[in-house]
Amino acid sequence: MNIRQLLEERVSRALAAAGAPAPALVQHAARPEFGDYQANGVMAAAKTAKTNPRQLAQAVLEHLDLSDLAERVEIAGPGFINIRLRDDWLAQQLAAAAADSKLGVRPVAEPQTVVVDYSGPNLAKEMHVGHLRSTIIGDAVVRVLEFLGHKVIRQNHVGDWGTQFGMLIAYMVRQRAEGKTDVSTQLADLEAFYREAKQLYDSDQAFAAEARDYVVRLQSGDAECLALWKTFIDESMRHCEEVYQRLNVTLTPADVKPESAYNDDLPVLVAELREKGLLTESEGAQCVFLPEFIGKDDKPLPIIVQKSDGGYLYATTDLAAIRHRVGRLKADRILYFVDARQSLHLRQVFAVARAAGWAPESVSLEHLAFGTMMGEDGKPFKTRTGGTVKLIDLLDEAEQRALRLVSEKNPELSEEQRREVASAVGIGAVKYADLSKNRTSDYIFNWDHMLSFDGNTAPYMQYAYTRIRSIFRRGELDGKTDGSIILAEPAERALGLKLIQFEEALLTVATECVPHVLCGYLYDLAGAFMSFYEACPVLKAEEPARSSRLALCGLTAATIQTGLDLLGIRVVEQM
RNA sequence: GCCCUGGUAGCUCAGCGGAUAGAGCAACCGCCUCCUAAGCGGUAGGUCGCAGGUUCAAUUCCUGCCCAGGGCGCCA
């Protein structure tokens, strides 16, 4: 049920009937005394129609019959229309939601095929905190889109190709020459492996030459070299899988579409650009010049698709990916959860894809950018030793802190239960810290903020859930309720209204790719429940309030669980 | 130089054309013989970077400026 949309349609129709067709601009009421929803469109419509806004509002009311669902519709201030819903109507909607496996959320009328490009780690290194946002935010949006009935195709565009792999293979060969043949052991700490290889590359001329030789052999398809490369990639992918599982992210090996998968497309793609007359040679490189991109000194800015030495670049691969996603995967919409620093690059890639006809205007190309991870000093983030914080270390730390906390708060729980809580709470806190922010600007890495368990954090919602489960456990009830819902107390009504607004929040998340809106919704919902919990006894209440409250509890638990699941955050029965 | 972002309470952040700008943390005051106090209720805290403009209405849109971060030809 989407009340906002329903009211938007009804009020808009009334505006048209009153002779001033305009959007109703229905939104949640700014203050409780204004009701539940307010329509702001009358003032603007009156302006256009050159009439008095309050008079127009009056005319709108004459064409607006909301008596089936609203108990009060009134004009306020300069021309607002305030709407208060009927308690019995709300209760009906809640009962319907409680009986529905999707909690009353209807599938979208026009499902789309949405390709979502997210996570995309570079396999030359280990996943670090900088990969967190893309992975988590992308995954949350993916889950919401699927929940609403869209067809989602995940694309993990991992970096598995490029010059650095020559260096890594060369180093692997050296290690083997020294008798270290167990790949898993060698690559247990990928970050260290990369660092050592790089150090050798920078200091040892002979090694650097070997590395360059391996790049050439790799690109020419040398079988032995490819086998070594594959060994490395497989091991590195295993590291990623481990992180994905720990993070409770839905990406699987089947979603991996690495850069190297497009290798054969690259010459074809360049040839197509040439045929379409888009290619220009500049200083030996194959470039596309588009009028909207101007560089320094007003000179046209090239998008280089092939280097003067014949090599291809990541722009070329990204173009091949668009071509594949539109042509083969039939995408209606392609979402990129990629660092803001790549904003110009993606704008260029999108523009070339449009110009070449690979992405028609009907396909939406969206860069959902986010900022760079910074240190406390506001400079790009590094640990004391100058390295990056590995994602796996962050998750370990989170679980350790959560374990300490749960052991202190609830020592009665078994060791196994406490570990389970620590995992759900620790990982949930890390994810929520990122998901709850809409920042496109840079953000500062801070252990304490990221691992905070107080206030507007995942544990708050998880705790609300356990309180509800505890009620059902105490009452020896299975969580299923059938009683009708009665909204008598203000806290019951506030909770009920919030519950019925789940679909509104999900639609915003899906259209704008903003999981923080779902976080905000769940926080409000959990807050409404906490107030209800304090104000309204459940098990000790007289019938029919008892059954009604149990039903509200049941729907709240289901909504929190579903909402958190859409964010990739788990719930626990006790904490 | 040009182009992106961002600047809201001491700190971290919501709100982005509408009625008295909201949370969390930190501070202060209350609330556990009562379904888990990882909680609830309350107090205090703001020239929404600055200056113009558009509008019935601007934190929200436009212009200029200041500050911070990022990007701008063969790395990804």
Side-chain angles (χ1 to χ4, degrees), chain A residues 25 27 29-31 34 38 40-41 43-44 46-47 53 76-80 82 120 122 124 159 161-164 259 282-287 293-299 301-309 311-315 317-318 339-345 347-348 369-372 374 378-380 402 405-406 408-410 412 421 425 433 436-444 446 448-449 452-457 459-460 462-464 466-475 516-517 519-520 523-524 527 530-531 533-541 549 553 574-575:
Chain A
L25 304 177
Q27 56 182 236
R31 336 182 114 263
F34 298 155
Q38 63 182 63
N40 298 337
M43 280 90 78
K47 182 72 182 169
F80 296 103
N82 291 338
N122 179 354
W161 203 249
T163 50
Q164 58 211 341
E259 288 181 341
S282 170
E283 298 171 35
Q286 301 303 317
C287 309
F293 298 106
I294 306 295
K296 294 172 189 168
D297 309 322
D298 289 337
K299 283 198 294 192
L301 189 67
I303 298 135
I304 302 176
V305 293
Q306 190 171 19
K307 296 191 281 183
S308 50
D309 69 1
Y312 300 101
L313 298 106
Y314 78 137
T317 314
D318 280 335
D339 193 307
R341 285 176 295 188
Q342 305 216 20
S343 152
L344 175 61
H345 167 250
R347 269 173 50 216
Q348 291 179 323
F370 46 83
T372 311
M374 308 299 269
K379 292 183 191 143
L405 188 68
V406 68
E408 175 194 317
K409 297 268 184 194
N410 203 344
E412 288 85 52
V421 171
V425 166
S436 59
K437 290 172 187 62
N438 186 34
R439 299 269 114 215
T440 50
S441 61
D442 298 334
Y443 62 117
I444 294 174
N446 179 305
D448 293 326
H449 289 161
S452 165
F453 301 121
D454 291 319
N456 185 8
T457 63
Y460 181 80
Q462 291 168 320
Y463 181 61
T466 62
R467 281 183 139 184
I468 298 172
R469 297 304 305 154
S470 178
I471 291 172
F472 284 105
R473 219 169 24 247
R474 288 274 176 152
H516 81 283
V517 169
C519 293
Y523 182 62
D524 288 347
M530 294 293 195
S531 301
Y533 183 90
E534 300 285 337
C536 305
V538 178
L539 294 174
K540 278 180 288 185
R549 287 176 184 173
C553 284
Q574 296 179 60
M575 62 189 272

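Chain letters run A, B, ... following the sequence lines, proteins first, then strands; residues in each count from 1.
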Novice: Would you indicate what L539(A) reaches in the nucleic acid, counting non-hydrogen atoms under 4.0 angstrom: base, sugar-phosphate, or nothing?
Specialist: base
Novice: Let me have RNA chain B in dot-bracket notation, would you? Count Watson-Crick plus G-U wobble pairs, both distances under 3.5 Å, and use [ ] for pairs crossing earlier ones and | for inter-strand partners.
Specialist: (((((((..((((....[...)))).(((((.......))))).....(((((..]....))))))))))))....
Novice: Within the structure shown, what part of the strands sits under 4.0 Å from Q164(A) by heavy-atom distance: base, sugar-phosphate, or nothing?
Specialist: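 The answer is nothing, as Q164(A) stays clear of every strand by at least 4.0 Å.
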Novice: Across the strands shown, which category fits A535(A) at heavy-atom distances under 4.0 angstrom: base, sugar-phosphate, nothing?
Specialist: nothing
Novice: Are F34(A) and F80(A) near enough that their ring centres are under 6.0 Å apart?
Specialist: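 No, they do not, as the ring centres are separated by 6.0 Å or more.
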Novice: Is there a stack between F453(A) and A38(B), judged by ring centres under 5.5 Å and planes under 30°?
Specialist: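 The ring of F453(A) is not stacked on A38(B).
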Novice: Is H345(A) touching bases, backbone alone, or none of the nucleic acid, heavy atoms closer than 4.0 Å?
Specialist: nothing
Novice: Identify whether any heavy atom of Q38(A) sits under 4.0 Å from a base atom; if not, whether one sits that close to sugar-phosphate; answer base, sugar-phosphate or nothing.
Specialist: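 Base contact - Q38(A) has a heavy atom under 4.0 Å of at least one base atom.
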Novice: Between G18(B), C35(B), C72(B), which nucleotide gets closest to the side-chain atoms of A44(A)?
Specialist: G18(B)
Novice: Go through C3(B), C35(B), C72(B) for me and flag the one nearest to the L344(A) side chain.
Specialist: C72(B)
Novice: Under 4.0 Å, heavy atoms only, any strand: does V517(A) hit a base, just the sugar-phosphate, or nothing?
Specialist: nothing
Novice: For R347(A), give me all partners under salt bridge (Lys or Arg N to Asp or Glu O under 4.0 Å), at least two apart in sequence or on another chain.
Specialist: none
Novice: Suppose we call a contact any N or O donor and acceptor under 3.5 Å apart; does that hold for the side chain of Q462(A) and the base of A38(B)?
Specialist: no
Novice: Report which part of the nucleic acid L405(A) touches: base, sugar-phosphate, or nothing (heavy-atom distance under 4.0 Å, all strands).
Specialist: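 Base, at least one base heavy atom under 4.0 Å.
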Novice: With sequence neighbours left out, write down each residue that passes ring pair (Phe, Tyr, Trp, His ring centres under 6.0 Å) with F293(A), or none if nothing qualifies.
Specialist: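 None.
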Novice: Can you tell me how far apart OG1 (T466(A)) and CD1 (I468(A)) are? Round to the nearest 0.5 Å.
Specialist: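 Atom-to-atom, T466(A):OG1 and I468(A):CD1 are 8.5 Å apart.
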Novice: Compare the ring of F80(A) with the six-membered ring in the base of A19(B) and state whether they stack (centres under 5.5 Å, planes under 30°).
Specialist: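 According to the criterion (under 5.5 Å, under 30°), yes, F80(A) stacks.
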Novice: Given A14(B), C74(B), U12(B), identify the nucleotide with an atom nearest to the side chain of E283(A).
Specialist: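 Given the options A14(B), C74(B), U12(B), the side chain of E283(A) is closest to C74(B).
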Novice: Restricting to nitrogen or oxygen on both sides, can you table the protein-nucleotides 61-68 of chain B pairs closer than 3.5 Å?
Specialist:
none

Novice: So which protein nitrogen or oxygen atoms get under 3.5 Å of nucleotides 6-10 of chain B's nitrogens or oxygens?
Specialist:
| unit_1 | atom_1 | unit_2 | atom_2 | d |
| --- | --- | --- | --- | --- |
| G6(B) | O3' | R439(A) | NH1 | 3.4 |

Novice: Have a look at D339(A) and say if it touches a base, only the backbone sugar-phosphate, or nothing, with a 4.0 Å heavy-atom cut-off.
Specialist: nothing
Novice: Applying ring pair (Phe, Tyr, Trp, His ring centres under 6.0 Å), name anything that partners Y314(A), two or more places apart in sequence or on another chain.
Specialist: H345(A)
Novice: Go through the N and O atoms of the side chain of Y463(A) and the base of A38(B), and report whether any donor-acceptor pair is under 3.5 Å.
Specialist: no
Novice: Apply salt bridge (Lys or Arg N to Asp or Glu O under 4.0 Å) to R341(A) and list each qualifying residue two or more places apart in sequence or on a separate chain.
Specialist: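 R341(A) satisfies salt bridge (Lys or Arg N to Asp or Glu O under 4.0 Å) with D339(A) once adjacent residues are dropped.
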Novice: For nucleotides 24-26 of chain B, which of its nitrogen or oxygen atoms have a protein nitrogen or oxygen under 3.5 Å away, and what is each distance?
Specialist:
none

Novice: So what does C536(A) touch, heavy atoms closer than 4.0 Å: a base, only the sugar-phosphate, or nothing?
Specialist: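 Here C536(A) touches the bases of the nucleic acid.
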Novice: Of all the choices, A14(B), C35(B), A76(B), which nucleotide is nearest to the side chain of V538(A) once you look at every atom?
Specialist: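 Nearest to the side chain of V538(A) among the choices is C35(B).
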Novice: Does N82(A) reach a base, just sugar-phosphate, or nothing at all? Heavy atoms under 4.0 Å.
Specialist: base
Novice: Please list, chain by chain and in numerical order, all residues satisfying side-chain contact (heavy atoms from CB on, under 4.5 Å) with A124(A), sequence neighbours excluded.
Specialist: N122(A), Q164(A), F165(A), L168(A), Y194(A)
Novice: So if I take every side-chain heavy atom of P302(A) and compare against A14(B), G73(B), A76(B), which nucleotide ends up nearest?
Specialist: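 My answer, after comparing the listed nucleotides, is G73(B).
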Novice: Under 4.0 Å, counting only non-hydrogen atoms across every strand here, what does A340(A) touch: a base, just sugar-phosphate, or nothing?
Specialist: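 Counting heavy atoms under 4.0 Å across all strands, no contact is made by A340(A).
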Novice: State the syn/anti category of G17(B) according to its glycosidic angle, syn meaning within 90° of 0.
Specialist: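 G17(B): anti.
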Novice: Using the side-chain heavy atoms of R347(A), tell me which of these nucleotides is nearest: C35(B), G15(B), C3(B).
Specialist: C3(B)
Novice: What distance separates Q462(A) CD from Q574(A) CD, expressed to the nearest 0.5 Å?
Specialist: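 Between Q462(A) CD and Q574(A) CD, I get 14.0 Å after rounding to 0.5 Å.
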Novice: Under 3.5 Å, which protein N or O atoms sit close to an N or O of nucleotides 40-44 of chain B? Give each pair with its distance.
Specialist:
| unit_1 | atom_1 | unit_2 | atom_2 | d |
| --- | --- | --- | --- | --- |
| C40(B) | OP1 | Y460(A) | OH | 2.5 |
| C40(B) | O4' | E534(A) | OE2 | 3.3 |
| G41(B) | OP1 | S531(A) | OG | 3.2 |

Novice: Just to verify, what does D524(A) make a salt bridge (Lys or Arg N to Asp or Glu O under 4.0 Å) with, not counting sequence neighbours?
Specialist: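 Salt bridge (Lys or Arg N to Asp or Glu O under 4.0 Å) check on D524(A) returns K498(A).
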Novice: Run the side-chain contact (heavy atoms from CB on, under 4.5 Å) test against A433(A) and tell me which residues pass, sequence neighbours left out.
Specialist: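 Once residues adjacent in sequence are excluded, the partners of A433(A) under the side-chain contact (heavy atoms from CB on, under 4.5 Å) criterion are M450(A).
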Novice: Name the closest nucleotide to the S308(A) side chain, picking from C74(B), A38(B), C35(B).
Specialist: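 The nucleotide sitting nearest to the side chain is C74(B).
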Novice: Identify whether the glycosidic angle of C40(B) places it syn (within 90° of 0) or anti.
Specialist: anti
Novice: Please report the interatomic distance SG(C553(A)) to OH(Y533(A)), rounded to the nearest 0.5 Å.
Specialist: 9.0 Å
Novice: Just to be sure I understand the rule, does R31(A) reach a base, reach only the sugar-phosphate, or reach nothing, if contact means heavy atoms closer than 4.0 Å?
Specialist: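 The answer is base, as R31(A) lies within the cut-off (heavy atoms under 4.0 Å) of a base atom.
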